[in-house]
Every structure is written in structure tokens, then in C-alpha cells.
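The chain is numbered in sequence order, starting from 1.
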Amino acid sequence: MYYYFTGNFDYAIKINGLYFGVIGRDPKPILIENPSPLVELCPINGGNNLNFILEKHFFLSPPKPIKITDMKGGYLIDFCLKKSDLPFKVIYQKRFNNFEITLFYDDTSKVSIQTETDNFVEDLIFNCPETDTFSVLNTDFVFIKDTIGKRKYLSLYKLTGKTEKIFCGEITDFSFDTTINISYSLSDIAKHKIEIVYTVRDNVVYESGRKVSGETDLDKLSEKIIPFAFFEDLCVGGDIIKYLSDEMQQNALYLKDYVKDFIGVMPPPLFRNVNEVGLIRKKSENVFAVDYYIAETQNRKIINVKKSDDEYFAR
């Protein structure tokens, strides 16, 4: 079975005592034929080693720094380990009228939000101490912002009642008035821009509007790429009619129910059919799975969409 290994920095990897080279941010495919092998990771530039056995329990519930993706015939194993045992350190702390926010380092960057009724702690993907608070319809919020070069990041939390994370990720714009408005862009074929409106009612926050923009020039796409562009538009709720034949357009409303929800699109790995498109689904906090679909085309239009079997193919 193929295992793809990737990490947040460079590691030397051993499998059953044999050295297999260095893994890093680019996935490294390794064919492992022995059942339940012992994997040993050693960071190249210092840090903690990690050893584990590839067995059933590991795939069902991997340790928190590891993300597993079942690719139906192989696995992607992504490591995000701490660099070293650095001591606890408070990076930033600020007291507002009715809560206190603390950014600190404890193996990883973390945020702590302490209110009069709740205490919330989670890992952060960034640690810049630009924070502020605002209210919408008597519901309090706090946000953390970070800018790295031209890229902007936001974490947004509701404070009133039980503390709740509303959004976390890279953004292009953020504003609030009687609603909360967040927009972000995707690095996909159409360069989609997503604009989300959050509404607050009785201290409950919910998504009340979503606008998707981004245009794909089908005439400039290779016919082999059209299925990927189609599934990316389907994923974000974009316009899929332009991809479909006249007959398929009649079934456009049923396609989302047929495919069901997914969070991303990927090309098929080495052990899958070259014509498949992988759709990534989140199973739990750090466990993912890929289902494969084939979008058949004729005259640059999709004439059929079918799900592949879970059994994998050799190319």
C-alpha cells in the first residue's frame, strides 16, 4: 500500500529500521508492503522524535499533531510537530470590560479567552497580538488579526454566553455593522472569491448569505481539467450550468445531493484511475477521507457524473 508522508518541516524517516530519506512539505510516496510497520521520524534541525505503528487504532484516532487522509488504496499522513520543548511564554495579554484575552506559547501558539461565564482555549495558526472587540445586537465578539506580507488572517469569537469560534483563516476583507461580513479568496482554477454574511439573533450567530464570484474560461481549459473546475465550483456553490450538456442541465439540482458535501478537490494519486477526481471529506478533527468521481465529457461538456468504487486501480 502507498503512504504519502508530509510534514511542517524536514524529517528523516525510517520504516521498520530502514532509512527512506527525508520528508517535508511536498508529499513523499512510499510503498509499504509489510503489515503494521514501525515508523520513526527524526527532525533534521532539532525537535522531538516521533515513533508509531501503522495499525487500525492509529488510523481511527491519530495523535493530535497528525492528520490522516484515507485515499482509498493509500493514506496521506501529515505531521505538524512542535520544534522543541520551549518553556511556557505569554506573548500578549489584554483585559477588556468583561473578558480577558491571552496569547501564549505552550508547545504551540494558543489563545485563551476568559469571560465571566466561560473559559475558552485553543491552538492558533498565527500569533500577532492585534485584537479588538465589538458588539452586534447586544452580542459581544472579539477578533485577532495578523498580516504576513500581503496576506491577512482572522480569528473571530463570540463572547456572550458560551464562547464560540465563528471563523478562522485567511481573509481579504472583514467588516461589521448590523451583520458581520467576511470575504476570502481561493487558490483554485476560477480564483473564487467567497463573501459571507453572518446574522446575529438572540446571541446565536448563523450564516445568512453567501456570494460566490469567479469565472472560468472553459475555452482556455484543457478538457482533462474541466472536471476539476466543475467540482471546485460545485464545492463552493458556484455556477455549474456552464459545464453541463443540455441533458445534464436538467439534473443540475440533483448533483449536489448525489455528490454530497466535501471540502476540497484533489488529483488522483498513483494508485487510482487517472481519470478520477478526488473529493475530500472531513470525518473528524484530524481524520479525512477521499471519494472518487468520474465526470465524463463530450465536446467539452460534462455528460455524466458517476462515483468510483472504493477499490483502487493500478495505473
Chemist: Do the side chains of Arg281 and Asp261 get close enough for a salt bridge, i.e. N-O under 4.0 angstrom?
Modeler: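 A salt bridge is absent here (no side-chain N lies under 4.0 Å from a carboxylate O).
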Chemist: Which value, rounded to the nearest 0.5 Å, describes the distance between Ile77 atom CD1 and Thr6 atom OG1?
Modeler: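 Going from CD1 on Ile77 over to OG1 on Thr6, the span is 11.0 Å.
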Chemist: Over 60° means perpendicular and under 30° means parallel, so tell me whether Tyr75 and Phe59 are parallel, tilted or perpendicular.
Modeler: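 Parallel, since the angle between the ring planes stays under 30°.
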Chemist: Can you name the residues that form a side-chain contact (heavy atoms from CB on, under 4.5 Å) with Arg300, not counting sequence neighbours?
Modeler: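 Arg300 satisfies side-chain contact (heavy atoms from CB on, under 4.5 Å) with Leu221, Glu223, Ile226 once adjacent residues are dropped.
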Chemist: I'd like to know if Lys152 pairs up with Asp146 as an ion pair, taking the criterion as any Lys NZ or Arg NE/NH1/NH2 lying under 4.0 Å from an Asp or Glu carboxylate oxygen.
Modeler: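 No, this pair does not count.
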Chemist: Roughly how far, to the nearest 0.5 Å, is the CD1 atom of Ile171 from the OG1 atom of Thr147?
Modeler: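 One finds 8.0 Å between OG1 of Thr147 and CD1 of Ile171.
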Chemist: Are the side chain of Asn34 and the backbone N or O of Pro37 linked by a donor-acceptor pair below 3.5 Å?
Modeler: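 Checking the backbone N and O of Pro37 against the side chain of Asn34, no donor-acceptor pair under 3.5 Å is found.
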Chemist: Could you pull out all residues at least two apart from Glu296 that satisfy salt bridge (charged side-chain N to carboxylate O under 4.0 Å, His left out)?
Modeler: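 Testing Glu296 for salt bridge (charged side-chain N to carboxylate O under 4.0 Å, His left out), a comparison that skips the adjacent residues, returns Lys306.
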Chemist: On the ring face of Tyr292, is Arg272 found with NZ or CZ under 6.0 Å from the centre and within 45° of the axis?
Modeler: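 Yes, cation above the ring, under 6.0 Å and within 45°.
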Chemist: Hey, is Glu195 close enough to Arg210 for a salt bridge, meaning N to O under 4.0 Å?
Modeler: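 Here Glu195 does not pair with Arg210 in a salt bridge, since their nearest N and O are not under 4.0 Å apart.
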Chemist: Determine, stepwise, if the pair Phe230 / Leu244 fulfils side chain to side chain contact (heavy atoms under 4.5 Å, CB included).
Modeler: CA-CA 9 Å; Phe230 160 73; Leu244 306 177; 3.9 Å; yes
Chemist: Determine whether a donor-acceptor pair (N or O, by modelled atom type, separation under 3.5 Å) exists between the side chain of Tyr258 and the backbone of Lys307.
Modeler: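 Checking the backbone N and O of Lys307 against the side chain of Tyr258, a donor-acceptor pair under 3.5 Å is found.
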